[in-house]
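The structure under discussion appears below in the form of structure tokens.
We count residues from 1, following the sequence as given.
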Amino acid sequence: QVQLVESGGGLVQAGGSLRLSCAASGRTFSRYAMAWFRQAPGKEREFVATISWSGARTAYAPSVKGRFTASRDDSKNTVYLQMVSLKPEDTALYYCAASGREFYRNVAQDFDYWGQGTQVTVSS
């Protein structure tokens, strides 16, 4: 079992930056690929970024590539999403997720554990 708790969301102006954190419980955290998804009001949950269990590989949605960076610190059981050059269309509830499946996965049903989400709002 892995429990995930996101933090770091907030209100920021367009062009600004935020860093999201996802703290995981459980001794097997390092065995999981981790990902970030987001869901805006009235829209489906969409893939944002993922990082392999080793941290050596990452993948991003085209809409965030070059602006968002996923990283992990297994000594702290934490995964991060650094977001820069934020746009109003990045406004959403951001979720952290863990998958025990082979990297890489970008669909929600391939992820076994989910956090409750942290809200990111980007004003224009």
Checklist outcome for this item: When rounded to the nearest 0.5 Å, the distance separating CD of E89 from OG of S124 is 10.0 Å

Checklist entry - Can you tell me how far the CZ atom of F68 sits from the CG atom of D90, to the nearest 0.5 Å? => result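 Here the interatomic distance stands at 4.0 Å.
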
With hydrophobic residues grouped by side-chain heavy-atom distances under 4.5 Å, do [X] and [Y] end up in a single group?
X    : Y   : answer
V122 : V48 : yes
V2   : V79 : yes
L86  : L93 : no
W53  : W36 : no

Next on the checklist: I'd like to know if the side chain of E46 reaches the main chain of R38, judged simply by a donor and an acceptor atom lying under 3.5 Å from each other, with no hydrogens or angles considered.
Outcome noted: no

Checklist entry - Is there a donor-acceptor pair under 3.5 Å between the side chain of D110 and the backbone N or O of S99? => result no

Item to check | Distance under 6.0 Å and angle within 45° of ring axis: R72 vs F29 | outcome: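 That pair qualifies as a cation-pi contact.
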
Checklist entry - Does Q119 CD have over 12 foreign heavy atoms under 6.0 Å away? => result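 More than 12 heavy atoms, drawn from other residues, nucleotides or ligands, come within 6.0 Å of this atom.
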
Item to check | side chain to side chain contact (heavy atoms under 4.5 Å, CB included) between R105 and F47, worked out | outcome: CA-CA 9 Å; R105 307 283 174 163; F47 167 77; over 6 Å; no

Checklist entry - Which pairs count as ring-ring contact (aromatic ring centres under 6.0 Å, His included) when at least one residue sits in residues 70-111, sequence neighbours excluded? => result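 Only F37-F111 qualify under ring-ring contact (aromatic ring centres under 6.0 Å, His included).
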
Checklist entry - Closest heavy-atom contact between N77 and S25? => result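 Smallest heavy-atom distance, with atoms named: ND2-C, 4.5 Å.
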
Item to check | For the student: nearest non-hydrogen atoms of E6 and G117, plus distance | outcome: OE1-N, 2.9 Å

Checklist entry - Pairs in or reaching into residues 41-85: which pass disulfide (SG to SG under 2.5 Å), with residues at least two apart or in two chains? => result none

